[in-house]
Amino acid sequence: MAALLLLILFAGVASASDDLSSLELFNGPDTDVVTGSRSPRPASQTAENITVVTSKEIEDINAHNLTDVLYIVTGVPVEMNRTPGSVSIARVQGANFNHVLVLVDGIPINNLADNFADISSIPAQMIERVEIVKGAASSSWGSALGGVINVITKNPHDDRPFGGLVSGSTGTRETADGRVEAGGTLHRFGYYLTAGKLRSDGLLPNNDVSLGSSYGKLRYELPADGTITLSSGFTENDSGQTATDMVHVDQGSRQVISMLSLRYPLSHRLVFDASLQGRRYSSHVSVLDPTEALQYLSTLTKETSRGGGVKLSWLGDTHLLVGGVDYDHVKAKLDLAGEEAVWRADRVGVYAIDTITLGSFAITPSARFDRTGSGGDHFSPSLGLTYALTENSVLRAYTAKGYSLTSLNRSDSTEKVWTSQVGFETGDVPYLWLKGTFFRNDTSNVQSDGPLGPKQRQLRQGVEVEAKTLPVLNTSLSAGYTYVRATDKATGDVLNGIPVHTVKIGLKYDVAEQLHAELIGNLVDWNDPGHSRTGGVIWDVHLRKWIATTDIFSLEIFLSVRNIFDGRQYLDPIFRNTGRWGEAGVRCKF
């Protein structure tokens with residue numbers, strides 16, 4: 001409440017000459033569109049609750065990987081935010097981590113064995129933007145009960161044959177991050193290449209990190225029309241996972257993702273998309289716990305996924321119709337303390353999405369049918385409605401059925417949900433942008449105590465509000481708050497380990513290509529007495545100072561101090577958050 005009052009007071013001193021366009025909704029045929037719904041359309045016609053984080057915002061917070069990016073998003077508490085590169089998970093409005101689908105250019109990176117996605121394995125450098133869909137998105141993407149985190153990678157520079165970046169930083173406990181990047185377009189050929197190395201001796205005990213990554217994209221513009229794109233990324237991570245001197249958990253993983261895609265306009269209204277994609281993943285985990293009878297445990301995992309998809313998009317006078325087919329052949333091999341198990345499955349999904357525009361209304365019915373193999377068959381419908389009150393104000397309503405396959409080896413592992421949302425977004429309040437959403441997620445077949453525990457029906461309902469001001473004297477404020485009440489629907493008991501209150505606060509000072517300063521506050525109340533800890537707001541500060549800039553060259557220094565007041569905020573003390581730490585670096589673009 002205090003943050004909201006600050007926003008209102010701050011807005012009251014704004015001058016009428018300030019430009020409102022930075023806070024407007026996406027409107028018109030020539031503006032950016034959101035693609036997290038799989039049917040690209042302006043945000044003013046998108047019924048789902050979607051948040052977009054841009055590459056500029058990612059650079060401003062000196063992010064190392066996707067974990068740092070999601071840390072600033074309202075309604076997305078990040079668990080295990082420790083040494084950069086440590087295994088991390090994200091929840092969306094209280095949904096379990098294995099209910100959230102994570103995509104890189106449409107390729108799922110959720111593990112097949114347990115539907116876990118390690119968001120720390122995605123380097124920030126290659127990200128153009130991130131779109132977070134909050135709520136069931138199975139009618140577009142299949143196994144996505146709690147939402148989708150859609151990572152869209154950078155493309156080649158269109159305006160020059162060569163450009164690049166060199167960046168390096170160093171910080172507490174020998175934490176260092178080095179990156180290089182190059183891209184450009186020559187005639188019909190475009191390329192984008194990046195590589196990086198992140199390492200640390202560990203900001204917590206047994207939490208050292210060594211993360212190497214590379215990513216490349218080649219693009220060819222066809223002579224008639226259309227585009228062929230080939231992309232591939234590789235990450236290798238070896239890290240310790242605990243924050244205690246007693247328990248040792250070491251994990252190493254490798255991941256390769258690749259995609260070959262074709263986009264071809266068949267006419268001025270009809271576009272054809274096709275892709276082939278693959279993913280290879282392997283990991284090993286070893287646990288040494290002298291406090292338990294089982295002192296040592298080793299797990300080896302190898303997974304492969306090969307498939308592709310086709311999609312047709314037709315834009316009419318009042319319709320945007322999208323339909324397609326996805327296919328994946330998946331295989332997982334697990335070695336747990338010498339006992340091996342192998343699972344295979346062929347997954348096929350067929351979907352159709354139609355956005356119907358009738359004056360100020362946009363109606364989006366969609367449906368998808370999935371044949372998942374061991375997880376059974378699933379039909380996932382959804383219906384969205386938006387109403388544009390003005391050019392800068394929209395009302396939204398959305399309801400959907402969704403599911404998630406939380407384990408490949410159990411036929412009873414599918415968890416299901418009915419999501420309902422009602423919200424608004426407006427830029428018509430003088431000098432303010434406001435957004436609010438009420439949500440209700442009724443989830444069934446949940447095995448909260450593990451695969452052998454009883455099944456539960458859980459109800460998660462709450463509200464999310466966000467506000468931003470226009471810049472005044474180059475300074476702006478932002479605030480976001482999410483409340484989740486999670487209960488066992490049969491007994492009415494409140495569930496533990498759920499982020500009941502999540503608060504995000506931001507203060508920015510920005511003079512383009514001169515100086516950027518940003519203060520970020522983060523508070524998560526995990527509501528798990530005896531385990532979690534909420535010690536007040538954790539504050540981070542990020543600075544960027546440009547030393548030299550021209551039309552083709554820029555040199556800047558940057559500094560970040562995280563957890564300034566050394567606060568404690570975690571769900572489990574074994575995976576507690578880091579204390580105060582800092583880093584500084586240099587970034588050169590050309």
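- Cation-pi geometry between Arg587 and Phe558 is met: under 6.0 angstrom from the ring centre, within 45 degrees of the axis.
- When Ile353, Asp354, Leu320 are each tested for a side chain to side chain contact (heavy atoms under 4.5 Å, CB included) with Thr364, only one passes: Ile353.
- Contact detail for Lys134 and Thr74: the closest heavy-atom pair is NZ-O, 2.6 Å.
- By the 4.5 Å heavy-atom criterion applied to side chains, Asn65 and Ile122 are not counted as neighbours.
- Within 6.0 Å of CD on Glu128 lie more than 12 heavy atoms contributed by other residues, nucleotides or ligands.
- Checking Leu101, Ile149, Val102 one by one against Ile109, the side chain to side chain contact (heavy atoms under 4.5 Å, CB included) holds for a single residue, Val102.
- Atom CD1 of Ile547 sits in a crowded spot, with more than 12 heavy atoms from other residues, nucleotides or ligands closer than 6.0 Å.
- Pairing each heavy atom of Thr235 with each of Ser213, the nearest pair is CG2-CB, 3.9 Å.
- Atom NZ of Lys331 sits in a sparse spot, with 12 or fewer heavy atoms from other residues, nucleotides or ligands closer than 6.0 Å.
- Residue Leu543 comes nearest to Ala517 through the heavy atom pair CD2-CB, 3.4 Å, listed as atom of the first residue, atom of the second, then distance.
- Residue Lys333 places its NZ atom among 12 or fewer non-hydrogen atoms of other residues, nucleotides or ligands, all under 6.0 Å distant.
- Shortest non-hydrogen contact noted between Leu186 and Pro161 is CD1-CB, 4.3 Å.
- The two residues Ala124 and Ala63 have their closest heavy-atom pair at CB-O, 3.4 Å.
- The side-chain heavy atoms of Asn111 and Glu303, taken from C-beta on, include a pair separated by under 4.5 Å.
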